[in-house]
Amino acid sequence: MPQNPSGKIPLQQLIGVIGWILTVSAAAVGAVLILYDINSGHSSLYTGVVTYMLIPVFLGCGLLMVVIAWVGRLRGRRKQQEGDEPSYLLDLNNPQHVNRIKALGIFTVLFACLSAVGGYRSYHFTESTEFCGLTCHQVMEPEFVTYQSSPHAKVACVECHIGSGADWYVKSKMSGLRQVYAYLTDSYELPIETPIHNLRPARETCQECHWPEKFSGNLEKTIKHYTSEEDNHPYAVRLTLKVGGGSGEYASGIHWHVSSGYKIEYISPDNKRLEIPWVKMTSPDGKETVFTSEDFDPDILNSTHEIRTMDCIDCHNRPSHIFKDPMRLVNEAMANGKIDGGIPEIKYNVMELLNEFYATTQEAHERIETTLNETYAEVEPATLEEKVTQAIDSVKEIYSSTFFPERHVDWTTHPDFSGHFRWDGCYRCHDGEHKSETGVAITNDCNNCHLISGQAEGFKEVANMGYELQDFYHPLDMGELDEGDKCTDCHGAPEPTDYMELAASNN
Ligand code: HEC
Ligand code: HEC
Ligand code: HEC
Ligand code: HEC
Ligand code: HEC
Ligand code: HEC
């Protein structure tokens, strides 16, 4: 024991003792938890966070304190002994030193074993979907909920958000730390920003599972609708989408944009990539063609706006967090019998309710329930009463699957670029107004992207219809749509809900 005439405990000794207590207890608890975790076969979120995130921090701090105390003590002693005999940081003739080295050696081996297992487990834990979706539970709720009902529900978050390779792993953990800090200090922004400007390029993530050469041929889709007329009139359209694919000069169809050989670049001056006034196409032979829209301002070429190379995300920007528009969800529920099309004007009434603003989910659910109950209080025939109750439940479910007012997110805040009905999507470039220097416009021909091979006011009719190239006719008779009318002129999504402003004006 060092001389201690004052009776005070020296600081470094205190640090050392606390360090040892911390280290030993963290190691013991960690070992037990890791064994438990391996045995139980599944990681629960909370044991995961404690075992693989908190314990290593305690262990690290403990060890650091021990080392600080030891070095401090040796230096102190050396100072004391100066002038006497030479002193060594390590003296193998000093039994105290030898014992200490032994203890440290045993401990290092234990620690190495523990951290090998712990490191492996923690790597997997921080890559798990539970960790990504639930640790920041509330913040990412909209992404997690929509993910679970998407075609990628079985694909782990990290497959798209991190991908393979150590560099992106480290990058993602660094930005993860920042996010955890923002979360803990409540300094994050609502909603989480979209698009993600530093998302890993799709060729390194999506293409691990889908590669462009794999695509070929057409994809058929029948899309079902109901109009808002009193009889909730059905209408279905069968599209033969020319997905295409291939590479170089053999590429064709929609996936032509991502075939090897061609390169499409664009500039969007707005943060959400809604407007694209400048597009450059580079052919396999190196020839460049620039297309610009009517309101193109040459200044944006000298600005700091990103020149983005088109990839999967420029069309499939919602492959997993799909905030479906309520019209589609209601149509689907009606086609599946969850909302009975026999209830008069149900489509119209439900859409009215879903187009309104509610500050909380609870408020929305209450309003949906009372309004529909009132509207259909005297519904005829009375056998429909049960159907109305069922419809109310479905509408609440629909609301909760695509509106997250507490998180300031709903379908209007997250555009989907894979079509041209609610957002211009393809029409950001294919509106017929994007022209090259020689006056050639990016194609606007309906049949270049899809054929309408059937449409009718009834789903069975379309299913049983032979294939016949048709012109689109509008489900609600409005006469011919004018040339150049875009679907978004009438069907475009409303401006993104501004939750901050609405909350302020409600108070
Ligand atoms: C199939 C690929 C895929 C999977 C799986 C996936 N994401 Fe995403 N996610 C994306 C893409 C693509 C975007 C960016 C869209 C953009 O930038 O326009 C995104 C965006 C986000 C955003 C930003 C907000 C937004 O909606 O744009 C968050 C947060 C997010 N993802 C969290 C998660 C979590 C948590 C999981 C797992 C539960 C997950 N993601 C799984 C592809 C995926
Ligand atoms: C780990 C593998 C994996 C990764 C990574 C992945 N996907 Fe997928 N993707 C799948 C599987 C599996 C399906 C099929 C799901 C099904 O048939 O229901 C699918 C289906 C799709 C579909 C068709 C969806 C539909 O409506 O049927 C699209 C589009 C798609 N993926 C785009 C993407 C994009 C864009 C990315 C990158 C952001 C991506 N995928 C990343 C595995 C993956
Ligand atoms: C120019 C826009 C665009 C680009 C770029 C694009 N896609 Fe697609 N993709 C579509 C459209 C449109 C469909 C038709 C189905 C639909 O609407 O979802 C489709 C269909 C698909 C399908 C379903 C095919 C099937 O037969 O079921 C997958 C998977 C897919 N894309 C993945 C990708 C991947 C991966 C990339 C990037 C390498 C990519 N797409 C790039 C527009 C695009
Ligand atoms: C950033 C601009 C941009 C966006 C967004 C875009 N395209 Fe294109 N697309 C082009 C350009 C440029 C061409 C080549 C010029 C042309 O063929 O008229 C092209 C060509 C095509 C072609 C013809 C390919 C061939 O066989 O030659 C199809 C089909 C197509 N696009 C479909 C789509 C679909 C579907 C979407 C939306 C899901 C879409 N594009 C979104 C720029 C874009
Ligand atoms: C640049 C390619 C492109 C052009 C040009 C184009 N479409 Fe489309 N269209 C699409 C894509 C992609 C979808 C989305 C398919 C999906 O939902 O998977 C779509 C969807 C549709 C739908 C189904 C809408 C719904 O949700 O019910 C109709 C109807 C349609 N298009 C009609 C037309 C008509 C009419 C024209 C010509 C005036 C046209 N399209 C031009 C690519 C295109
Ligand atoms: C001039 C305005 C206008 C234009 C342009 C327009 N529509 Fe419509 N559309 C309407 C109105 C109004 C309704 C009636 C709303 C309802 O009944 O739900 C409607 C209803 C529909 C419906 C049924 C919607 C539902 O709730 O399921 C479909 C499908 C549709 N339109 C497709 C299209 C497509 C595809 C285009 C572009 C090619 C288009 N419309 C362009 C005005 C328009």
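Note that ligands are numbered from 1 as they come in the structure, with each ligand's atoms numbered from 1 the same way.
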For C315, take its heavy atoms, then give the atoms of ligand 3 lying under 4.0 Å from any of them. 1 (C), 2 (C), 3 (C), 4 (C), 5 (C), 42 (C), 43 (C)
Taking 4.0 angstrom as the limit and counting only heavy atoms of K221, give me the atoms of ligand 3 inside it, by number and element. 16 (C), 17 (O), 18 (O)
Would you mind telling me if ligand 3 is within reach of the side chain of [X], the backbone, both or neither, using heavy atoms under 4.0 Å?
X	result
V258	side chain
R203	neither
D311	backbone

So if I apply the side-chain hydrogen bond (donor to acceptor under 3.5 Å, both in side chains) rule between K347 and each of N232, N331, D231, which one comes out positive? N331
Is the count of non-hydrogen atoms from other residues, nucleotides or ligands lying under 6.0 Å from E220 atom CD greater than 12? yes
Who's the nearest protein heavy-atom neighbour of [atom], and how far?
atom	answer
atom 29 (C) of ligand 3	H210 ND1, 3.4 Å
atom 14 (C) of ligand 6	L476 CD2, 3.3 Å
atom 28 (C) of ligand 6	P475 CG, 3.3 Å

Establish, yes or no, whether a centroid distance under 6.0 Å links the rings of Y499 and H408. yes
May I ask you to check whether H257 brings an N, O or S atom to under 2.8 Å from atom 8 (Fe) of ligand 4? yes
Do any of the N/O/S atoms of H430, backbone or side chain, fall under 2.8 Å from atom 8 (Fe) of ligand 4? yes
Which is it for L329 and S401 under the side chain to side chain contact (heavy atoms under 4.5 Å, CB included) test, yes or no, and what are the steps along the way? CA-CA 9 Å; L329 290 165; S401 72; 3.7 Å; yes
Hey, which atoms in ligand 6 end up nearer than 4.0 Å to a heavy atom of C490? 1 (C), 2 (C), 3 (C), 4 (C), 5 (C), 42 (C), 43 (C)
